[in-house]
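These notes concern the structure reproduced below.
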Amino acid sequence: MRPAPADPTARPAASPHRAAPPARPRRPRASDRAPSFPRDSRLVNQAEALRAEIARAARALGAPDDSTPVLERPRDPSHGDWATNVAMTLAKPLGRKPRDIAEALLGAMDLPSVGVIAADIAGPGFLNFRLDPGFLARGLLPMLANPDAWGRHDIGHGERVVVEFVSANPTGPLHVGHGRQAALGDAISTLLEWTGWAVDREFYYNDAGAQIANLAKSTQARVRELAGQALEIPEGGYHGEYIREIAQAYIAQHPDDAAGDDLAAMQAFAVAALRHEQDLDLQAFGVKFNTYYLESSLYTDGRVNTTVDALRASGHTYEEEGALFLRTTDFGDDKDRVMKKSAAKGGDYTYFVPDVAYHVTKWERGYHRAINVQGADHHSTITRVRAGLQALDIGIPKGYPDYVLHQMVTVMKGGEEVKISKRAGSYVTVRDLIDEVGRDAVRYFYLMRRGDSQLVFDIDLARSQSEENPVYYVQMAHARMSGIFRVGEIDVATVTGEGVELAVLSEPAELELIKQLLDFPSTVRGAAENLEPHRVAAWLLETARAGHTWYHKHHVLGEPEDITRARLVLARATQLGLAAGLRILGLSAPERM
RNA sequence: GCGCGUGUAGCUCAGUUGGAUAGAGCGUCUGCCUCCGGAGCAGAAGGUCGCAGGUUCGAGUCCUGCCAUGCGCACCA
């Protein structure tokens, strides 16, 4: 069992005691994004260079300084490598026809300096650019020179953010919904790290309250059953097989209480056993948390009481029929919520009160951004927790914390829905999935869809080792690229691209692959800003496809030397790109399969 | 009834923050195996983007109203 709770002072905040810090926007929005164009020569890639040049020309024509040229890769290759719609968007502010503006822009741009070899005006005013192949391929060089930096951004400026996920009650093994949270939370955390945030992954244990009491009574029922009494699992208790195992272990270690009279001891024992079990589940899944926070500690250290007192003082509470209410309707809820039950109902605090106290600690621990990953069935907590934080009026911004909700998971096997697990009884566990299909496949399947669509986990597909399984398809692409260096006995460290004529990478499949790889940084950025790891999964699949296509069509080894040298650069870049994407999602990048 | 989601190819899903002829995988059909790994590749068919309005140069994407569907709406957590 871990020492609990996480020591809030273990990692000093930047300024934990600053009074009422300025509110931070919850997340960058399109409208917040500074239309900044790098003006130095160390541009991230060609796209940025081209964008900057378009912006420069646009300003020269009198466009407002904050106009942001949108650059995109046309679906139709005949439209060039990059296209922009600035001429259309500038039509109104400049009071000119889009096509006229497009023409003027072309005249004002220094095309060769950004690698453009052909540009034309199409349709209502699109500007299409075709890049010099060699110029395009040189965009891969920074990747080879510094693989660890490729795709990273500094959006967070090192600010601290806490991502809370899984946060299961220690009342049973983790179920498939927790698994989705684990995969999502871990990938979102990694994405935030890649974009310049100082991330802490936190697990909040609901180890207090009614569910834990139920756990204790369920354990007691099993202990007594083992002592020869009739089994009487209490209402709302836990029926899973694992409770019996815990009871057996309890009796073995507490021979003096074979009758099951010490409820407190059984509770402590069961919680410890299940926390250990959940740790093993997470270990099997490869998810690590920096901090664990125990709900029970909020009671023992007085934070719950402090929070309740502060809420009372805020004037947003009232008593009715012996219960204490928080007037959450002051903050957009549709009805007020009970904070403290009436004496007749036991007089306990309802669950969201410690939750509010807990989120106060997040703020006080210096996290001015907090993200909670939860199942959609916990949706109703959002309004309550936020209302509580607002009622306290201690400078916490309105949208704090941020929530990423995911929809339910159903598991399919043999064309039928799987609903039960042997050990847990009433639900399928993460461990069941990992045992069936392996960690990598579980992670990928969890992450390949948007969180807010329901997920059907197809065990048969996930365990199939063929091209129809996207995990194998992606990992195979990486293994193939690795295989080139293995077979050619080439040390990848020698593949730097320096002095290599990359213009020979002119085959359509090569250009396609290069452009796909160059998309990686913006994919990472978009995925991080929107907290949507599935974008990386989609990128991986497309990149793998482009890689397989290229690999099949063109040989790297055994070609004329200049071609081999250039293609080794592309193979290395593909290998690195795939490995980076896989790493973000928490998957391995095997060298051979 | 109210709140939050979701409705896109036969199936499972993307859709670059409003762009050009809506994409991918699987499935189906047609081809291709002496190759750095065929655990692969090339191609084809397949769509009134739930329905109806609206906003504008332009809508799968934004707005409104319906329809279907998932979750939630406790002095449970």
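Naming: A, B, ... by sequence-line order, numbering from 1 per chain.
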Under-3.5 Å N/O pairs linking protein and nucleotides 54-60 of chain B:
none

Is there any protein nitrogen or oxygen under 3.5 Å from a nitrogen or oxygen in nucleotides 70-74 of chain B, and what are the pairs?
| residue | atom | partner | partner atom | Å |
| --- | --- | --- | --- | --- |
| B:G70 | O4' | A:Gln454 | NE2 | 3.4 |
| B:A74 | OP2 | A:Lys335 | NZ | 3.1 |

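Stem regions for RNA chain B, each three or more consecutive Watson-Crick or G-U pairs with both distances under 3.5 Å and listed by first number, read B:1-7 with B:67-73, B:10-13 with B:23-26, B:28-32 with B:40-44, B:50-54 with B:62-66.
Within residues 538-549 of chain A, the residues approached by RNA chain B to less than 4.0 Å at the level of any non-hydrogen atom are A:Arg545, A:His548, A:Thr549, in residue-number order.
Residue pairs meeting the side chain to side chain donor-acceptor pair (under 3.5 Å) criterion with at least one partner in residues 563-579 of chain A, sequence neighbours excluded, are A:Ser482-A:Gln575, A:Glu510-A:Arg567, A:Arg572-A:Gln575. Sequence neighbours left out, not one pair with a member in residues 332-352 of chain A passes ring pair (Phe, Tyr, Trp, His ring centres under 6.0 Å).
A:Arg535 pairs by the salt bridge (Lys or Arg N to Asp or Glu O under 4.0 Å) definition with A:Glu532, not counting sequence neighbours. Listed by chain and residue number, A:Phe325 satisfy the ring-ring contact (aromatic ring centres under 6.0 Å, His included) test with A:Tyr318 (two or more places apart in sequence, or in another chain). For A:Tyr551, there are no ring-ring contact (aromatic ring centres under 6.0 Å, His included) partners at least two apart in sequence or on another chain. A search for side-chain hydrogen bond (donor to acceptor under 3.5 Å, both in side chains) contacts involving A:Asp100 returns nothing, not counting sequence neighbours.
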Just distance, no hydrogens or angles: give the donor-acceptor pairs under 3.5 Å from side chains in residues 207-214 of chain A, sequence neighbours left out.
| residue | atom | partner | partner atom | Å |
| --- | --- | --- | --- | --- |
| A:Asp207 | OD1 | A:Glu295 | N | 3.2 |
| A:Asp207 | OD1 | A:Ser296 | N | 2.7 |
| A:Asp207 | OD1 | A:Ser296 | OG | 3.3 |
| A:Asp207 | OD2 | A:Ser296 | OG | 2.6 |
| A:Gln211 | OE1 | A:Tyr238 | OH | 2.9 |
| A:Asn214 | ND2 | A:Gly236 | O | 3.3 |

Under 3.5 Å donor-acceptor pairs involving side-chain atoms of residues 511-521 of chain A, not counting sequence neighbours:
| residue | atom | partner | partner atom | Å |
| --- | --- | --- | --- | --- |
| A:Lys515 | NZ | A:Asp81 | OD1 | 2.7 |
| A:Gln516 | NE2 | A:Thr543 | OG1 | 3.1 |
| A:Asp519 | OD2 | A:Arg73 | NH1 | 2.5 |

